[in-house]
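Working notes, structure below.
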Amino acid sequence: MTPANRESRVQVSSKRVEAIVERVAACPDPAFLTSRESVLWRDWSSDVRQLRDENRFLAGCALGLVFRPTSASYAVLAALACLDCHVHLLDEGLGPDRVLSTSRDFGLAGVLDPGGGGPERGLALRMLLESPLRNSRGEVTIFTSGSTGAPKAVHHDWETLTRPVRQGCQQGAQTWLLTYRPHLYAGLQVFLHCLLNRGALVIPESSMSVEAVIRLMSRHRVSHVSATPSYWRRLVTLGGADLRALGIKQITLGGEPCDQPLLDALHDLFPGARLVHIYATSELGRCFSVRDGRAGFPAAYLSCQTEEGVALRIEDGELLVRSENAMLDIAGGEAEPRPDAQWVPTGDLVEQVGDRCYFVGRRSDLINVGGNKVHPHRVEAVVQTVSGVTDTRVYARRSSLVGQMIACEFVIATGLDPEQVKQQIIEECRERLAPHERPRFLDPVPAIELSEAGKKVRRPG
Amino acid sequence: MPMMQPTLEKVVLEFQTVFRNKGLTPPALLPETVLDGSLGLESLDFAELVVRLEQVFGQDPFSRSPIPEVRTLADLCALYHTAA
């Protein structure tokens, strides 16, 4: 993309947000539903316009925003977007010291904090620069969770963020459950989907138990849920029967490969629901979606552009993507050209079987056992088939003799004997896996630890 | 060597786990038992044993240089006993 092109593209950007906020100005439907507040789109829109007018002196500045799961955070974000600010979304869990050090590292003009819940709006602003530059044009920087390695600052504008959002695809009001952290790409996508389709966003607190989340879903009649397969597995395991009573119309899975047993379990719980799994990354944006309820994706996607405007190919077992929804660049890194014109390796390993492509794991997740590469997903798929196992995580354990060995945590259904299930896992793996692939260390755990992006943590133990 | 007894017991317990997880009945393990292929264990099984022993004793003599030479069960126990 030429600089002139990019110029026109980002100029469209903040006007676009302004227009979207205007469009909901008269909308009487609920926008944000939490355990503490219930805000209508028209009231939120008026909050945004008021915040925009009160903070015009921040126009064009690069700012940090401590992003909390409240309507106020979204109002401040939209107001800053209308003011062409470059907003850096900061995790509310960072703590004041790291908020400040991150903001200073990125040369931000100041940091805003909309404060915790509660009806009163107490927007706190701390300026860090006396005479900041005002050259921003409505951009957003997201700090990716970095399930592997250090977090990355990923730079988007409102065009790259809103382009993948489908509009008017379904009739009737949609009520979405936000299962992703609000300051990350996936969380932002769910919010933008609600904003552009005037749906309601139900926001659970991050500390809520599964039971409390299900009660919240029931109270606000959640109809659409987008979550990682790991999150879904936890919901299904702990809330099976209660879930069945919810009127879920659409289930979206993303962020991790989705296996057939989970898809089948969801289809069984919600026979009438649309089941969609999405492939998207913070860097590449939304690439494609699959709606046939089967794991993997059709091999036909390799030979044509997907409806998201993305081309795919497999090279050396790895999925390569050429995407129009790609971020602008990685802040703080080396100057990289926009990836939208080029093939980007995803790090996801894919295997084609007939007319279907299956994800077999991340290149960085491969475990090296004495020179043999093992895909943790493949091992998890075997462990998952043992009856009584509801969830599992396979990871590397360091070994002085062979480099790495396979370790496995597993969660069992209530009332079962962990030792007995463990023996069954050992037998199943002995039958179906090569000696180097078998988990040597098996631990029953109450729940599988998830990263803040809701994915399984893969770091070696 | 009565001093070595507790270490031997712990090492034998871990050996038995490795055998059982492999679907084998653990053989009699004595201090003079030679740790070679005749036991029915492969190199990956020994690697597993060493990780298990590290969990029990909190240290891994095989991560040190030079890598210790081990012929019998008593040799192996001595590595953990001296360091314990």
Side-chain angles (χ1 to χ4, degrees), chain A residues 366-376 378-379 382-383 386 388-389 392-410 412 417-445 459-461, chain B residues 7 10-27 29 34-73 75-84:
Chain A
L366 283 178
I367 302 175
N368 191 330
V369 182
N372 296 298
K373 302 257 192 330
V374 179
H375 292 294
R378 221 191 279 277
V379 182
V382 172
V383 176
V386 174
V389 174
T392 177
R393 175 176 84 101
V394 165
Y395 61 102
R397 174 159 284 178
R398 268 183 296 278
S399 156
S400 54
L401 296 184
V402 294
Q404 293 182 311
M405 299 198 86
I406 310 295
C408 169
E409 289 176 340
F410 61 97
I412 56 170
D417 173 21
E419 204 46 46
Q420 211 172 342
V421 176
K422 183 170 162 176
Q423 284 313 315
Q424 283 162 358
I425 296 173
I426 291 172
E427 278 161 38
E428 188 73 21
C429 291
R430 210 159 53 214
E431 222 158 89
R432 294 174 54 190
L433 297 172
H436 66 274
E437 294 176 312
R438 293 175 201 156
R440 301 278 175 157
F441 309 96
L442 286 145
D443 293 302
V445 291
R459 60 157 192 273
Chain B
T7 309
K10 287 180 184 168
V11 172
V12 166
L13 267 177
E14 297 307 318
F15 253 115
Q16 288 170 340
T17 305
V18 174
F19 275 105
R20 273 198 293 270
N21 288 354
K22 211 176 148 61
L24 302 175
T25 308
L29 291 160
V34 176
L35 306 178
D36 60 12
S38 64
L39 278 179
L41 297 187
E42 296 154 63
S43 60
L44 277 178
D45 303 320
F46 279 108
E48 176 188 337
L49 178 74
V50 168
V51 176
R52 288 187 179 280
L53 293 175
E54 184 185 357
Q55 289 173 333
V56 172
F57 295 104
Q59 45 138 347
D60 178 6
F62 294 89
S63 62
R64 288 195 287 264
S65 187
I67 295 169
E69 273 181 47
V70 173
R71 208 179 67 85
T72 63
L73 185 57
D75 294 343
L76 184 67
C77 293
L79 293 176
Y80 293 93
H81 187 69
T82 50

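By convention in this document, chain letters (A, B, ...) are assigned in the order of the sequence lines, proteins followed by strands, and residues within each chain are numbered from 1. Nothing here was measured: the structure is a model prediction, and the numbers come from that model.
For the side chain to side chain contact (heavy atoms under 4.5 Å, CB included) test with A:F410, the passing option among A:V421, A:V445, A:V394 is A:V421; the others fail.
Options A:L401, A:L442, A:V402 differ in how many heavy-atom pairs under 4.5 Å they form with chain B, and the most are formed by A:L401. Ranked by heavy-atom pairs under 4.5 Å with chain A, the list B:G23, B:A47, B:S63 is led by B:A47.
With a 4.5 angstrom heavy-atom cutoff, B:R52 touches chain A via backbone and side-chain atoms both. Of the atoms belonging to B:E54, not a single heavy atom falls under 4.5 Å from chain A. With a threshold of 4.5 angstrom between heavy atoms, B:D60 approaches chain A through side-chain atoms but not through N, CA, C or O.
Within a 6.0 Å radius of CZ in B:R71, no more than 12 heavy atoms belonging to other residues, nucleotides or ligands are found.
Side-chain contact between B:Q59 and B:R64 is present, with heavy atoms from C-beta onward closer than 4.5 Å.
Here the closest heavy-atom approach between residue A:V379 and residue A:E437 is recorded as CG2-O, 3.5 Å.
By the 4.0 Å N-to-carboxylate-O rule, A:R440 lies close enough to B:D45 to be salt-bridged with it.
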